[in-house]
Amino acid sequence: MKKDTFTFTNNRTNQSYEFNILDSTRGPSVVDISSFYKETGMFTFDVGYTSTASCESAITLIDGEKGELRYRGVAIEELAENHSYLETCYLLLNGILPSKKELESFDLELRHRSFIDENLRMLIAAFPDSAHPMSILASGVTALASFYYEHLEMKKEEDCQEMARRIIAKIPTLAAFAYRKSLGVPFIYPDIDKSFTENFLYMLRAYPGGKMKRTIDGVEEIKAIEIKALDTIFTLHADHEQNASTTTVRTVASTGAHPYVAISAGISALWGRAHGGANESVMAQLEMIADVKNVDAFIERAKDPNDEFRLMGFGHRVYKNFDPRAKALKKLQDQLKDELTLDSHLMQIAERIEEIALNDDYFVSRNLYPNIDFYSGVILTALKIERPMFTAIFVIGRTVGWITQLMEFREDKSSKIARPRQLYSGK
Ligand code: ACO
């Protein structure tokens, strides 16, 4: 049967070229232009890859028009409400949700692998207290490549899975150490009696000796609602198909570099304000606006084409309706209102921004809706997590997505080194 094709006509030469159309299981079809240069002698031009599918993938689906996100076919809302982050990790890595026994064994293995080498601890200790946790985290993950150099050559699937489980288990410890370093307080080692998410909160909050803060009202234990909230945040961040940091991970992996170095590059890419760094910027912006009465003036600045000011936590390249992760976080925020102390002052400012922007023609006509980063800051603040750690929390959630994408890349026999071309305009 003849394949469907897409015809390009060069009206300079009147020559036509046909390229195959490839259909996705859901979402837009693609035109296979891999032989475009060979056949036409020209490149295609797509700054920021706004119309380019850079790979074939069976991990995550985003329907930007409907505001839908699925990992391995499972809706994000179902995962956020009825499954844990570890189940989500298992799903991403293995393609199916785990049985009870599989989950127990996965959980146990991650607990045992959560420790980091003492030399790596000393490396983190050598950073200045002023270091941003993201800088320490990216360096710590690059250093992990030295401690587990054997992951450079992985022949079997089980070796890849071990490499993946190892970094997922160690990332929270590295992030917690990075945080404590930035506060200038002693590191707290993982506690294998605690679940993935509880252990992370414990490593952030405990006093040396593993004791929790004591006030005149008693000991401040980690609450179940706090663990559930953070676990949901991790789930909502777990993967997001070919975004800037994931594309970075795939690009670095395409050169044959060590997998952990590729993840470290992903961490660096995530740090930027236009990407994962937006969650930190949202809070900084809310604090800068300072009062509900100032919101209108900042909205005007965001709309002014001559002003570089942008409303942080608004807009998304793919979602043109709403970001389902933001919707789930807003729901979580509402659920937490009665149980945790949310900063009502900052929430009032955020709600006013949302109200104006959702009704203002500038934002509506450009499909600018709140994204995941708009809501995460208020919740993380209620979890007593400091602002410089917000993007590191994103890293903990996203590591499984990056590593799953990297493994898919390695298994894809048609994969090549990423090497785009350019439209030369120099001398
Ligand atoms: N505030 C004000 N105007 C905006 C905003 C914003 N947050 N975002 C986009 N616009 C405007 C642009 O000025 C542009 O207007 P124009 O057509 O009149 O020139 C139009 O909307 C399209 O914007 P682009 O920058 O072309 O959109 P793009 O898809 O390239 O960018 C991005 C998406 C980077 C997310 C952008 O919306 C942005 O900078 N948002 C703020 C940062 C942020 O929240 N990032 C987190 C994204 S989610 C994530 O990475 C996890």
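Owing to the predicted nature of the structure, the values given are computational and were not obtained by experimental measurement. Every number for a ligand or one of its atoms is a count from 1 in the order of the listing. Heavy atoms only: backbone and side chains are in, while hydrogens, waters and symmetry mates are out.
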Distance filter under 4.0 Å to [X] heavy atoms, resulting ligand 1 atoms:
{"X": "Phe394", "value": "51 (C)"}
{"X": "Gly313", "value": "43 (C), 44 (O)"}
{"X": "Gly315", "value": "35 (C), 37 (O)"}
{"X": "Ala278", "value": "43 (C), 44 (O), 45 (N), 46 (C)"}

Heavy-atom protein contact below 4.0 Å for [atom]:
{"atom": "atom 15 (O) of ligand 1", "result": "yes"}
{"atom": "atom 22 (C) of ligand 1", "result": "no"}
{"atom": "atom 19 (O) of ligand 1", "result": "no"}

- Locate the shortest heavy-atom distance separating Asp231 from Tyr85; write the atom from each residue and the value. OD2-N, 2.7 Å

[X] side-chain N/O to [Y] backbone N/O, donor-acceptor pair under 3.5 Å:
{"X": "Lys3", "Y": "Ile21", "result": "no"}
{"X": "Arg410", "Y": "Met154", "result": "yes"}
{"X": "Arg398", "Y": "His237", "result": "yes"}

Considering non-hydrogen atoms of the protein only, which is the closest contact for [atom], and what is the distance?
{"atom": "atom 17 (O) of ligand 1", "answer": "Arg366 NE, 3.7 Å"}
{"atom": "atom 45 (N) of ligand 1", "answer": "Ala274 O, 3.0 Å"}
{"atom": "atom 29 (O) of ligand 1", "answer": "Arg317 NE, 2.8 Å"}
{"atom": "atom 1 (N) of ligand 1", "answer": "Leu311 N, 3.1 Å"}
{"atom": "atom 2 (C) of ligand 1", "answer": "Ala302 O, 3.7 Å"}
{"atom": "atom 50 (O) of ligand 1", "answer": "His275 ND1, 2.9 Å"}

- Aromatic plane relationship, Phe298 with Phe309 - under 30° parallel, 30 to 60° tilted, over 60° perpendicular: tilted

- Would you say Phe374 touches ligand 1, if touching means a heavy atom closer than 4.0 Å? no

- Note on the structure: Residue set satisfying salt bridge (charged side-chain N to carboxylate O under 4.0 Å, His left out) with Asp117, at least two apart, ordered chain then number -> none

- Note on the structure: Within the 4.0 Å heavy-atom cut-off, what Leu368 brings close to ligand 1 is side chain

- Item | Per-residue contact class, Asp373 against ligand 1 - non-hydrogen pairs under 4.0 Å | side chain

- Item | Partner residues of Tyr202 under the ring pair (Phe, Tyr, Trp, His ring centres under 6.0 Å) criterion, sequence neighbours left out | none

- Which one of Phe314, Tyr362, Tyr319 has a non-hydrogen atom at the shortest distance from atom 3 (N) of ligand 1? Tyr362

- Would you tell me which option among Gln285, His237, Arg310, His240 has the nearest heavy-atom contact to atom 25 (O) of ligand 1? Arg310

Between [X] and [Y], a side-chain donor and acceptor under 3.5 Å:
{"X": "Thr52", "Y": "Asp46", "value": "yes"}
{"X": "Tyr260", "Y": "Arg166", "value": "no"}
{"X": "Glu408", "Y": "Ser57", "value": "yes"}

- Do Tyr375 and Leu236 have side chains that get closer than 4.5 Å, going by heavy atoms? no

